[in-house]
Protein chains: 2
Amino acid sequence: MASQSVPSTHRPGDAARAAADPAAGLSRGAASRSTTISEVARLAGVAASSVSRVLNGHPDVSPAMRARVLDAAEMLRYEPDFVAQSLRRGATTSIGFIVRDIANPLFADIVKGAEQELETAGYSMLLMNSLGDPARDAMHLRVLRQRRVDGIILSLQSETNPDTLAALRETTAPIVLVDREVQGIEAGAVLSDHFAGVTAATVSLLELGHKRLSLIGGPFDVRATRERQAAFETACKTAGLTSANYETKLGPYTHEFGYQTMQALLEGATPPTAVIASGVQAGSGILQALDERGVVPGTGISVVICDDVEFLRLIRPSISVIARDGEAIGAAAGRLLVERMKDADAPPRTEILPTHYVARDSSAPPQRS
Amino acid sequence: MASQSVPSTHRPGDAARAAADPAAGLSRGAASRSTTISEVARLAGVAASSVSRVLNGHPDVSPAMRARVLDAAEMLRYEPDFVAQSLRRGATTSIGFIVRDIANPLFADIVKGAEQELETAGYSMLLMNSLGDPARDAMHLRVLRQRRVDGIILSLQSETNPDTLAALRETTAPIVLVDREVQGIEAGAVLSDHFAGVTAATVSLLELGHKRLSLIGGPFDVRATRERQAAFETACKTAGLTSANYETKLGPYTHEFGYQTMQALLEGATPPTAVIASGVQAGSGILQALDERGVVPGTGISVVICDDVEFLRLIRPSISVIARDGEAIGAAAGRLLVERMKDADAPPRTEILPTHYVARDSSAPPQRS
DNA sequence: CTGAAAGCGCTTACAG
DNA sequence: CTGAAAGCGCTTACAG
């Protein structure tokens, strides 16, 4: 195929040049214009529509036509213009991914997982960070709409922010939420079974003998927080603890919040003997606060961090985590989105992925006090 | 302006509906079609070209025209179609960012920095991971070309891979390289002054009395490796060490490579008393290898890691690093790219950003041996 | 200052 | 099986 000869009326090199050059003087920006479909058509001596049919694998084309077109296309190194295709087809084969903060290693894994899945299906990904600001979620949704993306993966800042909800309602592209639940909009979702993981961790800490526990971090208006808080408090109650002995401190997913909250707890009259951090950023803040006061995880206080990241494994004593597979979450989100982009009638689906409590040295019996 | 009344021949609600509905029955994918410029024109009773002029801030428009158009656009919640604009203008206001691995926290910071800079200038970012495979660099370059991105930020896998170079030569969009130098192509670049950082670290280790040092990691065909190796070996030579006493081990930027290389070194006849890791992934491999043998950084062996990440700071004993500011690197790359996208004649520029050696507990005098 | 026309690069009914 | 025409939604010379 590739080595097949050109129609004899054309001399390879010159013909290619001649066909490509005439159009070169257009006023279309700085870059050297690339070959268009009509240049291929001219060289092959056929209509542009036929070139399109061949290149798109339309069934009703003669072998002769196919050969002429493929030769011409190859000679001119023709690559179809995605922008023109997008306008004509009404689909861009691109999707948007709005993420809270790509610098969170878990999100980086999720993005990576999604990208691989989407790339296989021919989609490219526009990445946007909301950086803790719900207004940016709404803004990015607007931009993605104007860019006519075929779908959106979304890890919202807030499930209840009015601006975000308004922007979501105006969004017609299929949406897959990552670890979020939003009332009143049609969207697929990939959720994590936080309840199971936090329950396992809390029960395990209780069994070690802890009687004063804290759950730290996570904004109130997000599913993960609700699940974790419910699991944590249910486990404590079930073990017979009274509400004076366990406590949930909600706040942003930041190092700062973990740091300050842990400091405050340590200064309190009856500090907890075990803490669970909702996320690695809060977790790192907690570890810093402990380190500054010389409190050793496991010995001085038990620590469990939600989400696992590579570097966490280097810390000694080793830190217990509630792990989940970021790449698997991203891949699932990509799959669910592709499913709906390929079939507009496919109903949005929800997938729940597991979390696993991994006990390490930072989980230990409380010191006598 | 916004509250100005509609031309009296139109009743707000009905007119808007009437103008919007007729076109609703088209065969353009699943999503409810959005308003087009001609619908706005019809409602305002003007030509589409006038709507375009108003919305693009063309100077020669009468206040009356402006008002009519803005009212109509607002009433129909008109948002221009970026795809159509892109085709017509020959510019997509989107750029591509090809990164080795977004899961590397330094790259995540770089991407974040670039995104913010680009967003300010109105550009969106397509993100692609090459995942250690140079063939993916070439593939992604091809896709970005077809998507007609206005510019590309590139942190190549390899500076010499033939496929990559071929793909680069076919790229006409302006390019900014991140920490890479490629011969024979026109590209801007943001580089890090690795030479300064590694020199400072090596000199400092030598001054502490180390006489056997290793530099671990980094692929051979990348600028950072050359700079680091040159700085490391120059400093050792200058201090009077013979080549039997210092060694550079090159290899991929992976945890695995750091881990295995460190293991091998520890098993050797004369292990180094100090190592410098080229990057956090190799660094984490090295730390794991040390941990498994009970070798404590600072006490048993001095360790310096190139690049700093948040979680590294939680490790005890604390690890010395050669730090650089990822977000600043990304922001600089974004700025250089925007500069060239806005002015096709702007020559590609190179910016060199500093690195800083930060000595911590893992840098200490060698043990007597 | 405004409108009608052309055209960006494709794809897809519609004829033949 | 193939070509000519229309059109996706814009913008921009070109007339007036």
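Because the structure is a prediction, the values reported are computed rather than measured. Below, all heavy atoms of this structure are taken into account, side chains as well, without hydrogens, waters or symmetry copies.
Applying the 4.0 Å criterion to OP1 and OP2 of dG9(D), one finds that Gln85(B) has every side-chain N and O outside that range.
Comparing Ala48(A) and Ser50(B) by the nucleotide of DNA chain C whose heavy atom lies nearest to each, the residue mapping closer to the 5' end is Ser50(B). Between Ser62(B) and Ala84(B), the one whose closest nucleotide on DNA chain C sits nearer the 5' end is Ser62(B).
When the nucleotides dT11(D), dT2(C), dC8(D) are ranked by their closest atom to the side chain of Asn56(B), dT11(D) comes out on top.
The nearest whole Å value for the distance from the CD atom in Glu39(A) to the P atom in dC8(C) is 11 Å. Going from atom NE2 of His58(A) over to atom C1' of dG3(D) covers 13 Å, rounded to whole Å. Taking atom CZ on Phe82(B) and atom P on dC8(C), their separation rounds to 23 Å, with Å as the unit. In this structure, the CE atom of Met65(A) is 9 Å from the C1' atom of dG3(D), given to the nearest Å. Counting to the nearest Å, the P atom of dC10(C) and the CD atom of Gln146(B) are 10 Å from each other. Distance, Arg88(B) CZ to dA5(C) P: 16 Å, rounded to whole Å. Nucleotide dG9(C) holds its C1' atom 6 Å from the CG atom of Asp81(A), rounded to whole Å. Residue Ile37(B) contributes atom CD1, which lies 6 Å from atom C1' of dC10(D) at whole-angstrom precision.
Side-chain atoms of Arg53(A) and base atoms of dG3(D) include a donor and an acceptor less than 3.5 Å apart. With hydrogens and angles ignored, no donor-acceptor pair closer than 3.5 Å exists between the side chain of Ser49(A) and the base of dA5(D).
Here the shortest heavy-atom pairing between Glu159(B) and Arg180(B) reads OE2-CA, 3.3 Å.
Among the protein residues, Val83(B) comes within range of no part of the nucleic acid, since none of its heavy atoms lies under 4.0 Å from any strand.
For the residue pair Ser94(A) / Arg147(A), no side-chain donor-acceptor distance below 3.5 Å is found, with atom types taken as modelled. A donor-acceptor contact under 3.5 angstrom links the side chains of Ser34(A) and Arg148(B), judged on distance only.
Between Glu117(B) and Lys112(B), none of the side-chain N atoms (NZ, or NE/NH1/NH2) sits under 4.0 Å from a carboxylate O, so this pair counts as no salt bridge.
Remark: of the listed residues Ile98(A), Ile95(A), Leu154(A), Ile98(A) is the sole one forming a side-chain contact (heavy atoms from CB on, under 4.5 Å) with Leu144(A).
Base pairing analysis places dA4(D) opposite nothing; no Watson-Crick or G-U wobble pair with both distances below 3.5 Å involves it. With both pairing distances under 3.5 Å, dA13(C) is matched to nothing as a Watson-Crick or G-U wobble pair.
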